[in-house]
Amino acid sequence: MLFQHVAIAGLAHIDAPRRLSSEEINARLKPTLDRLGIRTDVLGDIAGIHARRLWDGDVQASDAATLAAVKALADAGIEPDRVGLLVNTSVSRDYLEPSTASIVSGNLGLPDTCQNFDVANACLAFINGMDIAARMIERGEIEYALVVDGETADLAYEKTLERMTRADVTDEDFRNELATLTLGSGAAAMVMARSELAPGAPRYKGGVTRAATEWNKLCRGNLDGMVTDTRLLLIEGIKLATKTFEVAKQKLGWVATELDEFVIHQVSKVHTAAFTKAMGIDPKKVMTIFNEHGNIGPASVPIVLSKLREMGRLKKGDRVALLGIGSGLNCSMAEVVW
């Protein structure tokens, strides 16, 4: 789907405040590492993740998403009563029901005319949320939409480290759960608008998606942990991304050398290197945050986009590619013209 009348009127991110280093995790895992004969620093040396952020205290996904939403609304310069749609895209959630979106909506005091719901699609949900909002804006159903995401990895770390330090944990158990220790916490929010209401704002051009759902068993997670086949997930994920990139070339007119920035879902050093190599992307055009923030799930892409803007790295007219692969497997690639 391509859009002619959709802009990004506001954008914000929140970094969780507490830094948990891989050194601290390795120290806690030392008895298990010694018993299993694992001497390689998998998190730091191989994944390239030296730290991740966690929240202080009992912060729920809705709390984090609300904080980011308040910043994004202020950035857009609009009042909450103008929002016609709220989409929450967090993997983390407060409850199975009600929706986390309803809690965020209540926190913000959004009007009773504002539709609100959760969209879940692993690490791709934020881009999916942008597409849903853009469709409604393009058709003239609403003027403004708010897409939010709040990720809380605290419980996953607590429970996973408990399991990985048990005396009976096997080498297979360790490998299956290790990817959980690459997760991070954070939040992001974006206000999307009818373009004439936000003159001069970045335009959301739209994007393409492809699926390879025969691989839906490669990564399965709950709030307290995740089991992942990291090797096969990387292999099949890159295959799907390569296929999707070819479609983006056709539908979006992409040429890797002509795009100015690539905002890639942040997973690890290995994933980023494989991704950029397969797509022929100049690594200098890819800002990475995984080394200090880990994998923040669907919040990753908007957080990186927000940080790029904060750094002054985005210039008027820049073509920015948003790219992600999510468990399932699904892949989305979209473009923002700054």
Side-chain angles (χ1 to χ4, degrees), residues 16 18-55 91-93 122-123 151-186 212 214-241 264-275 288-300 324-329:
R18 181 161 61 91
R19 184 179 188 269
L20 175 63
S21 72
S22 291
E23 288 182 352
E24 293 174 80
I25 291 174
N26 288 334
R28 184 167 172 183
L29 291 175
K30 190 175 187 307
T32 300
L33 294 170
D34 289 346
R35 182 171 59 79
L36 296 176
I38 300 172
R39 293 178 174 79
T40 304
D41 180 3
V42 181
L43 292 171
D45 293 341
I46 297 179
I49 296 174
H50 301 288
R52 68 284 294 142
R53 297 297 190 276
L54 299 176
W55 300 103
V91 170
S92 306
R93 58 190 62 203
C123 296
E151 300 300 335
T152 60
D154 305 59
L155 178 63
Y157 271 88
E158 177 187 335
K159 297 300 183 182
T160 299
L161 286 170
E162 282 180 11
R163 289 190 295 270
M164 293 177 79
T165 51
R166 290 197 310 235
D168 62 346
V169 70
T170 66
D171 184 66
E172 183 180 5
D173 294 334
F174 189 89
R175 288 196 312 271
N176 287 343
E177 295 223 45
L178 188 63
T180 309
L181 303 182
T182 67
L183 298 177
S185 299
E214 65 270 27
W215 299 107
N216 67 75
K217 295 181 181 179
L218 296 182
C219 180
R220 296 205 160 171
N222 293 305
L223 296 182
D224 63 350
M226 184 170 68
V227 174
T228 309
D229 183 336
T230 53
R231 186 189 68 84
L232 201 52
L233 186 66
L234 176 63
I235 292 170
E236 296 302 330
I238 294 299
K239 285 182 185 177
L240 179 60
I264 296 175
H265 168 56
Q266 307 279 312
V267 178
S268 69
K269 180 171 67 175
V270 175
H271 174 274
T272 302
F275 197 103
T288 57
I289 64 169
F290 60 77
N291 57 330
E292 277 293 317
H293 294 270
N295 176 358
I296 322 176
S300 173
I325 308 167
S327 302
L329 287 169

Indicate yes or no: at least one non-hydrogen side-chain atom of [X] is less than 4.5 angstrom from one of [Y].
| X | Y | result |
| --- | --- | --- |
| R163 | D224 | yes |
| V267 | T182 | no |
| L43 | R52 | yes |
| L29 | F174 | yes |
| V91 | E151 | yes |
| W215 | L240 | no |
| K269 | T288 | no |
| I325 | H271 | yes |

Show the nearest heavy-atom pair for residues [X] and [Y], with the distance to one decimal.
| X | Y | value |
| --- | --- | --- |
| L234 | A274 | CD1-CB, 4.2 Å |
| A241 | F275 | CB-CE1, 3.8 Å |
| I49 | S22 | O-OG, 2.5 Å |
| G324 | H265 | CA-CB, 3.9 Å |
| S92 | L223 | CA-CD2, 4.2 Å |

Can you tell me how far the [atom1] atom of [X] sits from the [atom2] atom of [Y], to the nearest 0.5 Å?
| X | Y | atom1 | atom2 | result |
| --- | --- | --- | --- | --- |
| L181 | N295 | CG | CG | 12.0 Å |
| Y157 | S185 | OH | OG | 8.0 Å |
| C123 | L329 | SG | CG | 11.0 Å |
| L218 | I235 | CG | CD1 | 10.0 Å |
| D41 | N26 | CG | CG | 4.5 Å |
| L20 | L161 | CG | CG | 7.5 Å |

*Just do the side-chain contact (heavy atoms from CB on, under 4.5 Å) check on D229 and K217 with the steps written out, would you?*
CA-CA 9 Å; D229 183 336; K217 295 181 181 179; over 6 Å; no
*Could you walk me through whether R18 and D154 pass the side-chain contact (heavy atoms from CB on, under 4.5 Å) check?*
CA-CA 10 Å; R18 181 161 61 91; D154 305 59; 3.7 Å; yes
*Look at atom CZ of R28 and say whether more than 12 heavy atoms of other residues, nucleotides or ligands are closer to it than 6.0 Å.*
yes
*Does one side chain, of R166 or T32, offer a donor that lies under 3.5 Å from an acceptor on the other?*
no
*Can a salt bridge be assigned to the pair R175 and E172 using a cut-off of 4.0 Å between side-chain N and carboxylate O?*
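Judged by the 4.0 Å cut-off on N to carboxylate O distance, R175 and E172 do not form a salt bridge.
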*Apply side-chain contact (heavy atoms from CB on, under 4.5 Å) to S21 and list each qualifying residue two or more places apart in sequence or on a separate chain.*
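Result, side-chain contact (heavy atoms from CB on, under 4.5 Å) vs S21: R19, E23, E24.
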_By side-chain contact (heavy atoms from CB on, under 4.5 Å) - contacts of T230 (at least two apart)_ = A179, T228
